[in-house]
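In what follows, a single structure is set out as structure tokens and then discussed.
Since this is a predicted model, take the numbers as computed values, not measurements. Each chain gets a letter, A, B and so on, in the order the sequences are listed, and its residues count up from 1.
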Amino acid sequence: MPELPEVETVRQTILPSVTGRQIDMISPLTPGVYLSGGLDASGSIITDVRRRGKYLLLDLIPQDGLHGPLIMLVHLRMTGRLLLRERDETPPRHTHLRLRLTRPDQPDNPIWLDFHDTRRFGRVWLLTADPEGRPVGAPGGYDALGPEPLGPEFSAAWLQGLRDKRKNTSLKAFLLDQTVIAGLGNIYADESLFAAKLAPYQSVGTVSDTQFSQLVDAVRQVLADAVSCQGTSLRDYVDGWNRKGRFQDCLMAYGRAGQPCRICGTVMRKMKLAGRTTCWCPDCQSS
DNA sequence: ACCTACCTGTTT
DNA sequence: AAACAGGTAGGT
């Protein structure tokens, strides 16, 4: 489900409700989903919610004075959700972790934050933080993440520097590689290539400097638009208050095979690339 | 770079 | 019954 715009929207929706609250109870409901590594989050105060690629990081300060800062690292994978609740209702099916959160000055006015995941691919890790606020011992992909696409290090120069090493890979596979760009998935890779007017099967080695520059602009534009629409809700995705996004109404490429291109009217096509269904306009994206 | 596995639910 | 779904890790 969630790519950068959806994860960012979840971050923004839960941030004001959880910041400053204390985790006064933590309930793992399904074995294997919450990996605490022997650490204990209960009693910690949540001081911030950050995002890196498709990961969310809840910054925690333990109150026992015995431990340094902790980070609760969350990856929603395909169908994960973080849901705020104002009542202690029975956890719905597929709820795997529940946090009870109170304000230290209002201990009798709790809210709950549930991790819900139909397919159970998602994970929540509890990790220590290093002095720079980075998680220690994060799962494999985290430390290898490439630049944030909406940040300054993501540039045509960065992509050009990868061109030789990755010359034979398709642009689609390139954009899905989290070490190249952190946060794109199947939807926004297709949307970015459409916006850049580049064919998804074009090999990286044949992309010009000008085209890389167009691609950088396209990725930034698409992601910024999708964030401002609070993400794409096709099936499962909702924000922290169980609300759908609106970007599904703005899709130009993803899921549009067989339908007319919204620019030129040509019938959109699809092919399998990097193991994922890929949709493109054979006219606008001819390269 | 490709496969398969991990899961459940929905659509064909 | 089979294919497919927003993702990633592990093996080849």
| Just how far, in rounded Å, is P of B/dA1 from CG of A/L171? | 13 Å
| Can a salt bridge be assigned to the pair A/K54 and A/E6 using a cut-off of 4.0 Å between side-chain N and carboxylate O? | no
| When you check the gap from the basic side-chain N to the acidic O, do A/R100 and A/D88 get nearer than 4.0 Å? | no
| message | Expressed as a whole number of angstroms, how long is the span from A/R123:CZ to B/dC7:P? | response | 8 Å
| Nucleic acid contacts of residues 136-144 of chain A, taken as heavy-atom distances under 4.0 Å to DNA chain C | A/G141
| query | If the C1' atom of C/dA5 is compared with that of B/dA1, how far apart are they to the nearest Å? | reply | 23 Å
| message | Does B/dG9 have its OP1 or OP2 closer than 4.0 Å to a side-chain nitrogen or oxygen of A/H94? | response | yes
| Which whole-number value in Å describes the distance from A/K165 NZ to B/dA1 C1'? | 13 Å
| task | Respond yes when some side-chain nitrogen or oxygen of A/K272 is under 4.0 Å from OP1 or OP2 of B/dC3, and no when none is. | result | no
| message | Distance check needed: B/dC7 P versus A/H116 NE2, whole Å only. | response | 17 Å
| request: Using the P atom as the reference point in each nucleotide, state the distance between C/dG10 and B/dC7 in Å, no decimals. | output: 14 Å
| field | Spacing between A/Y55 atom OH and C/dG7 atom P, to the nearest angstrom | value | 13 Å
| said: From the set C/dA5, B/dT8, C/dA9, return the single nucleotide nearest to any side-chain atom of A/R77. | reply: C/dA9
| Pairing of A/D59 and A/R50 as salt bridge, 4.0 angstrom limit | yes
| request: Would you check if A/F121 stacks with the base of C/dT8, given a 5.5 Å centroid limit and a 30° plane limit, both strict? | output: no
| Whole Å only: how far is the CZ atom of A/F115 from the P atom of B/dC7? | 14 Å
| Geometric class of the A/F212/A/F174 ring pair [parallel <30°, tilted 30-60°, perpendicular >60°] | tilted
| field | Distance in angstrom units between A/R276 CZ and C/dA5 P, rounded | value | 8 Å
| Which of these nucleotides, C/dT8, B/dT8, C/dA5, is closest to any side-chain atom of A/T277? | C/dA5
| Paired nucleotide for B/dC7 [Watson-Crick or G-U wobble; both distances under 3.5 Å] | none
| said: Does A/Y254 reach a base, just sugar-phosphate, or nothing at all? Heavy atoms under 4.0 Å. | reply: sugar-phosphate
| query | Can you check whether A/H75 has a side-chain N or O nearer than 4.0 Å to OP1 or OP2 of C/dT8? | reply | yes
| Charged N to carboxylate O below 4.0 Å: is that the case for A/R81 and A/D117? | no
| How close or far is atom P of C/dA5 from atom CD of A/E3, stated in whole angstroms? | 13 Å
| field | Donor on one side chain, acceptor on other, A/T206 and A/Q202, under 3.5 Å | value | yes
| CZ (A/R52) with more than 12 external heavy atoms under 6.0 Å | yes
| query | When the ring centroid of A/Y201 is compared with that of A/W280, is the distance short of 6.0 Å? | reply | yes
| task | Report yes if a side-chain nitrogen or oxygen of A/Q178 is closer than 4.0 Å to either non-bridging phosphate oxygen (OP1 or OP2) of C/dT8; otherwise report no. | result | yes
| Does a distance-only test, which skips hydrogens and angles, find a donor-acceptor pair under 3.5 Å between the side chain of A/R119 and the base of B/dC7? | yes
